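The structure under discussion appears below in the form of structure tokens.
Lettering of chains follows the sequences in order, A, B, ..., and the numbering in each one begins at 1. Computed from a predicted model, the values in this text were never measured in an experiment.
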Amino acid sequence: MKLTAVLLVRNQILLNKYNYNSYRPIGTITETIDRLQELQVDEIVILNKGHSNSVVDDFFGLFKDTNALRSISTPLAYGGGISELKQAEKLIDSGVERIVLSACNVSTSLASSVAEKFGEQSIIFHLPFFFKDKELTFKSGHREHKSEQVTKALRKNYGGEVILTSIAAEGLGEIDVEQVGNAIKSIPENLNVMYSGGVSTVSQIESLANLELNGICLGNILNSKEIFIPIVKRSCSKITRTLNLESLDND
Amino acid sequence: MKKVGILDIGYGNIDSVIGSLKTIKVPVARVKSPQAVLDAEVLILPGVGSFGTAMELLTKTEIAAAIAKRHQDNQVILGICLGFQVMSRRSTEAPDIEGLGIFNFEFERLPRPQIGWKSVSSKSLSGLTLDHFYYFNHTYGSNASSDDQFGVARTSDGLLALASTGRTMGTQFHPEKSQKTGKAFLSWFLEDFAK
């Protein structure tokens with residue numbers, strides 16, 4: 001199981017999230033990525049919450065130049081505003097390992113064309129979820145999707161992994177592990193699953209680690225406590241890549 | 001350190017590989033023609049894309065033949081992920097398209113994509129300590145049995161992580177995305193394997 005840092009940005013500013021839809025700015029992104037790499041985070045996902053037509057171009061504006069982007073030696077995924085294959089091509093050619101698409105893109109021609117060109121492992125589907133009258137429901141923007149529809153579409157093999165984000169837990173730090181387990185059961189076996197939403201303690205990670213997860217996403221906690229990454233790596237046996245202390249000391 | 005040519009014919013995460021090599025002070029250039037493939041001191045085949053598309057591009061540009069000649073002439077080659085897979089006989093990703101055939105095994109679709117960090121171990125490679133974790137991101141893999149003509153390294157679940165024959169090596173993992181251990185691997189490859 002891997003530890004993934006999720007960074008939210010808008011207009012080239014790093015955001016802190018509280019509740020599901022509220023944000024406050026907290027600074028720029030490049031130094032944050034440098035520190036996360038030093039702390040040996042396993043992967044970085046950047047989600048751009050901007051609404052303009054140039055959201056993907058804004059992503060490149062996060063970095064001083066192309067050298068800053070391509071010298072990132074940690075697997076990097078990006079999501080936000082991707083609507084065309086050529087945008088995915090530009091991102092992957094520039095050093096982004098994987099792209100993140102929303103629930104409404106699970107079976108679109110965009111997903112199929114990216115999967116055909118770069119392989120299905122190059123796509124992560126971001127699936128915020130909640131339970132509506134006890135029925136698992138996924139969300140993309142303001143649209144809601146019944147879990148059966150999404151599950152059926154996911155079987156088309158256009159993606160390699162999903163991020164399940166608990167809307168109820170997002171920004172609050174309270175995770176219903178049983179609900180997470182039920183959401184994981186809806187994901188076909190051909191896909192890996194990461195969880196995000198409200199993760200802020202080692203004990204939460206240990207509870208989540210008992211589920212069939214390929215990764216756990218850390219968000220807000222990293223804004224106030226980056227050292228949380230090595231703490232988890234040292235104390236949770238389910239994290240695959242243990243801490244390389246020699247490498248950490250050299251930084 | 002030897003100058004590296006990175007194959008740039010329209011597939012692969014070329015910029016990441018270039019960025020990683022630059023951070024360890026390796027001179028690097030993009031190569032786009034069969035002659036440039038033959039002339040490079042060290043050739044790297046980068047690794048993001050699909051098997052069929054990559055092989056079609058390699059064949060159309062006549063670079064496939066140049067890579068095969070390079071291998072026959074014992075010139076150094078490193079294939080990363082897809083760059084490794086195209087050096088095999090074939091992949092079920094595009095079963096009707098032949099690979100370069102440098103490695104005498106095939107790649108098959110895995111039950112689910114392998115995305116994450118794995119430790120790698122080897123009994124047959126000397127001079128390389130592979131006791132750290134490397135980043136993998138692939139849907140097709142091989143668990144080919146060990147063959148005397150190959151040096152191999154495997155992940156803990158038995159999949160091929162690396163294979164070498166002569167002065168040609170392929171890695172299923174992405175050294176350019178494996179932080180410091182990946183840079184250490186690239187340094188070893190260029191200083192020792194490619195010596």
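Nearest heavy atom pair, residue B:Lys177 against residue A:Gly95, reads NZ-O, 2.9 Å. Of all heavy-atom pairs spanning B:Gly116 and A:Lys2, the tightest one is CA-CD, 4.3 Å.
Heavy-atom distances place the backbone of B:Ser178, and not its side chain, under 4.5 Å from chain A. Looking at A:Ile92, both its backbone and its side chain come within 4.5 Å of chain B, counting heavy atoms on both sides. When heavy atoms are compared at a cutoff of 4.5 Å, A:Asn214 approaches chain B solely by way of its side chain, counted from C-beta outward. Residue contact with chain B, scored on non-hydrogen atoms closer than 4.5 Å, is absent for A:Glu89.
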**Request:** Go through B:Asn13 and A:Arg70 one step at a time and tell me if the side-chain contact (heavy atoms from CB on, under 4.5 Å) criterion holds.
**Result:** CA-CA 9 Å; B:Asn13 56 343; A:Arg70 68 189 186 189; over 6 Å; no
Task: Full working for side-chain contact (heavy atoms from CB on, under 4.5 Å) between A:Ser73 and B:Lys183 - done: CA-CA 9 Å; A:Ser73 61; B:Lys183 288 173 188 168; 3.9 Å; yes
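There is no side-chain donor-acceptor pair under 3.5 Å between A:Gln121 and B:Arg112.
Counting heavy-atom pairs under 4.5 Å between each of A:Asn190, A:Leu69, A:Thr240, A:Asp42 and chain B puts A:Asp42 at the top. Looking only at heavy-atom pairs under 4.5 Å with chain A, the residue among B:Arg109, B:Lys118, B:Glu93 that has the most is B:Arg109. When the candidates A:Thr74, A:Asn157, A:Asp93 are compared by the number of heavy-atom contacts under 4.5 Å with chain B, A:Thr74 comes out ahead. Chain B forms the most heavy-atom pairs under 4.5 Å with one residue out of A:Pro75, A:Ala68, A:Ala115, A:Gly119, and that residue is A:Pro75. Comparing A:Arg241, A:Glu120, A:Arg98 by heavy-atom pairs within less than 4.5 Å of chain B, the highest count is held by A:Arg241. Looking only at heavy-atom pairs under 4.5 Å with chain A, the residue among B:Ile115, B:Thr181, B:Leu110, B:Thr53 that has the most is B:Ile115.
A:Glu116 CD: 12 or fewer foreign heavy atoms inside a 6.0 Å radius. Summarising the local packing, CD of A:Glu84 is surrounded by more than 12 heavy atoms from other residues, nucleotides or ligands at distances under 6.0 Å. More than 12 non-hydrogen atoms from other residues, nucleotides or ligands lie less than 6.0 angstrom from CD of A:Glu206. The neighbour count for B:Lys2 NZ, taken as heavy atoms of other residues, nucleotides or ligands under 6.0 Å away, is above 12.
When side chains are defined from C-beta on, B:Tyr135 counts as touching A:Glu97, because their heavy atoms get closer than 4.5 Å.
Under the rule for a ring-ring contact (aromatic ring centres under 6.0 Å, His included), B:Phe51 has no partner lying at least two apart in sequence or in another chain.
Proximity to chain A at a heavy-atom threshold of 4.5 Å picks out B:Ser16, B:Ile18, B:Gly19, B:Ser20, B:Lys22, B:Thr23, B:Arg30, B:Val48 from residues 16-48 of chain B, in numerical order.
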